[in-house]
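A, B, ... follow the sequence lines: proteins, then strands. Residue 1 opens every chain.
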4 protein chains.
Amino acid sequence: MIEIDPTSPLPINDQIKGGLKGLVTKGLLRPGDKAPSIRGLAVSLKINPNTVARAFRELALEGFLDSKRGDGNYIARSAPGQAREGLAEAKDRLRDALRQARQGGLSWDDISDVIGAVKGGEDETR
Amino acid sequence: MIEIDPTSPLPINDQIKGGLKGLVTKGLLRPGDKAPSIRGLAVSLKINPNTVARAFRELALEGFLDSKRGDGNYIARSAPGQAREGLAEAKDRLRDALRQARQGGLSWDDISDVIGAVKGGEDETR
Amino acid sequence: MIEIDPTSPLPINDQIKGGLKGLVTKGLLRPGDKAPSIRGLAVSLKINPNTVARAFRELALEGFLDSKRGDGNYIARSAPGQAREGLAEAKDRLRDALRQARQGGLSWDDISDVIGAVKGGEDETR
Amino acid sequence: MIEIDPTSPLPINDQIKGGLKGLVTKGLLRPGDKAPSIRGLAVSLKINPNTVARAFRELALEGFLDSKRGDGNYIARSAPGQAREGLAEAKDRLRDALRQARQGGLSWDDISDVIGAVKGGEDETR
DNA sequence: GTGGTCTAGACCACC
DNA sequence: GTGGTCTAGACCACG
């Protein structure tokens with residue numbers, strides 16, 4: 001459900017947090033639902049369980065997850081609100097990336113091409 | 001001529017490298033031209049001279065800049081070629097950012113909004 | 001494994017790069033092997049960790065090392081090839097030094113003496 | 001009479017000083033002889049007159065040169081002694097270079113090859 | 001524990 | 001004034 005890019009300058013940590021918030025934003029995960037297990041996620045994303053654990057711990061601190069020892073993590077009631085804040089952060093990062101792309105010399109046409117490519121990639125995965 | 005975002009997940013020194021390559025891509029800097037001085041850039045971008053020096057040293061190792069001690073840095077003859085590679089990297093980073101934005105829950109409409117905002121911001125600066 | 005001469009006109013970071021490439025050339029380090037840790041090297045060579053980090057970063061940019069955050073640096077598969085290039089640089093530097101020694105007034109006999117001394121020094125260390 | 005290698009890690013400054021001392025060591029310049037003019041050397045070596053001037057100033061401070069305003073620089077009576085010290089420095093630098101070459105992975109055979117090449121180069125220039 | 005980045009400030013070589 | 005190198009120490013991301 002989530003995809004990680006280990007080469008991205010955005011820390012894996014933040015990618016996990018953003019991904020989970022995205023799942024809530026998209027309605028694929030609702031308050032009260034059980035979140036994926038830390039170990040399961042670590043295996044499927046091929047990253048260190050410690051990194052996932054830290055992301056979950058931070059989400060719990062933010063009140064996005066309710067963690068129950070020996071059971072698992074559950075989407076908190078306040079999660080949708082937190083997810084909305086995550087959206088704003090995601091927009092900020094996108095804006096950053098766009099400005100940097102422009103500064104790096106990309107034309108708006110180049111940017112349109114990249115967007116098209118990403119859209120196409122999503123279709124294939126469907 | 002270059003703008004730095006200290007809050008960006010992309011390291012400052014990479015932003016400098018990308019920015020310089022962008023100036024060449026845009027034709028604002030040509031082979032043989034003198035690059036901005038390390039200290040001057042550091043002051044105008046309000047960052048540490050050492051950080052700029054690091055970016056410049058790496059650009060020199062890549063053959064993008066010719067550095068002359070006691071004189072300054074000059075755009076190398078092979079710079080346009082190197083800049084083209086920089087373009088590809090910039091595209092990769094943009095692609096990353098888009099995928100992460102999508103994963104974070106942004107709709108394509110949201111993304112269009114952000115693009116519009118960035119375009120508008122550029123117009124204002126003109 | 002590596003020795004640094006802080007009084008040498010050759011920058012310390014270049015000495016580190018040359019030393020690591022030498023270890024590969026000599027077969028003491030092979031692709032896939034773990035390189036010494038930055039902090040460990042810094043301590044044993046009695047130099048600043050930042051200086052070692054700089055050398056390692058450049059080796060990583062050249063593709064000689066694969067650096068894994070939180071883990072360590074590994075000798076890349078392409079390292080032996082890069083090491084061969086390093087050999088050529090080392091020869092160039094030696095040629096320089098010889099020409100300067102000659103220009104400084106050293107006779108070929110003097111030079112033979114120095115070579116003998118260095119050979120002898122190596123034997124002692126054995 | 002002197003040759004400079006601008007790419008050498010040994011500062012140009014020191015190359016000039018070493019070269020002059022070498023001329024005395026070789027007997028091509030004797031106490032009381034007029035040294036080459038600063039401007040003339042700068043032109044023939046294609047380097048900045050300021051750099052030559054600094055080297056000469058330091059040689060004067062060391063007592064190797066007698067500088068006469070409006071006339072030129074002359075080899076001091078004590079020059080041969082100073083030149084002998086220069087010889088020791090040159091040997092030290094050679095020793096450094098050899099050790100670094102060995103550490104960089106050069107075999108003694110490689111080193112012999114380089115020496116042969118330098119010898120050959122000198123013959124050609126004759 | 002590991003590497004990665006940045007700041008701050010020093011000294012050197014050179015124009 | 002310019003670039004080049006090194007030290008020192010801080011903070012972050014990761015295992």
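The shortest side-chain heavy-atom distance between A/R99 and B/D5 does not fall under the 4.5 Å cut-off. Within the 4.5 Å cutoff, no side-chain heavy atoms of C/S67 are placed close to those of C/L65.
In the displayed structure, C/K68 atom NZ is contacted under 6.0 Å by at most 12 heavy atoms of other residues, nucleotides or ligands.
Judged as a salt bridge (Lys or Arg N to Asp or Glu O under 4.0 Å), and not counting sequence neighbours, the contacts of D/K21 are D/E62.
Note that CG of C/L59 and CG of C/L20 are 6.0 Å apart. Values are rounded to the nearest 0.5 Å. To the nearest 0.5 Å, atoms CZ (C/R93) and OG1 (D/T7) are separated by 10.5 Å. B/L45 CG to B/I2 CD1: the interatomic distance, rounded to the nearest 0.5 Å, is 6.5 Å. A distance of 5.0 Å separates CG of B/L10 from CD of A/Q100, quoted to the nearest 0.5 Å. One distance of note links CZ of C/R30 with CD1 of C/I75; it measures 11.5 Å at 0.5 Å rounding.
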Only pairs under 3.5 Å count here: list side-chain donor-acceptor contacts from residues 46-58 of chain D, not counting sequence neighbours, and write none if there are none.
residue	atom	partner	partner atom	Å
D/N48	OD1	D/N50	N	2.7
D/E58	OE1	D/K17	NZ	2.9

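Non-hydrogen atoms lying under 4.0 Å from DNA chain F are contributed by B/N50, B/R57, all within residues 49-66 of chain B. Looking at residues 32-44 of chain C, you'll see C/S37, C/I38, C/R39 sit with a heavy atom under 4.0 Å from some atom of DNA chain E.
Backbone-only engagement by C/I12 is indicated by non-hydrogen atom pairs under 4.0 Å involving sugar-phosphate atoms exclusively.
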Could you go through C/N73 and C/I38, starting from their C-alpha distance and side-chain angles, then the distance that decides it, and tell me whether this counts as side chain to side chain contact (heavy atoms under 4.5 Å, CB included)?
CA-CA 9 Å; C/N73 285 277; C/I38 290 182; 4.3 Å; yes

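A salt bridge links C/K34 with C/D71; the closest basic N to acidic carboxylate O contact falls under 4.0 Å. With salt bridges taken as basic N to acidic carboxylate O contacts below 4.0 Å, one links D/R95 and D/D92.
With the 3.5 Å cutoff on both pairing distances, Watson-Crick and G-U pairs in DNA chain E assemble into runs of at least 3 at E:1-14 with F:1-14.
For the pair B/N48 and D/P11, nearest-nucleotide mapping onto DNA chain E gives the more 5' position to B/N48. Along DNA chain E, the nucleotide nearest C/G72 and the nucleotide nearest D/N13 are compared for position; the residue whose nucleotide lies closer to the 5' end is C/G72. The nearest heavy atom of DNA chain F to C/D14 and to A/D14 marks one nucleotide each, and the one closer to the 5' end goes with C/D14.
Interface limits on DNA chain E: the 5'-most and 3'-most nucleotides within less than 4.0 Å of chain B heavy atoms are E/dT5 to E/dC15.
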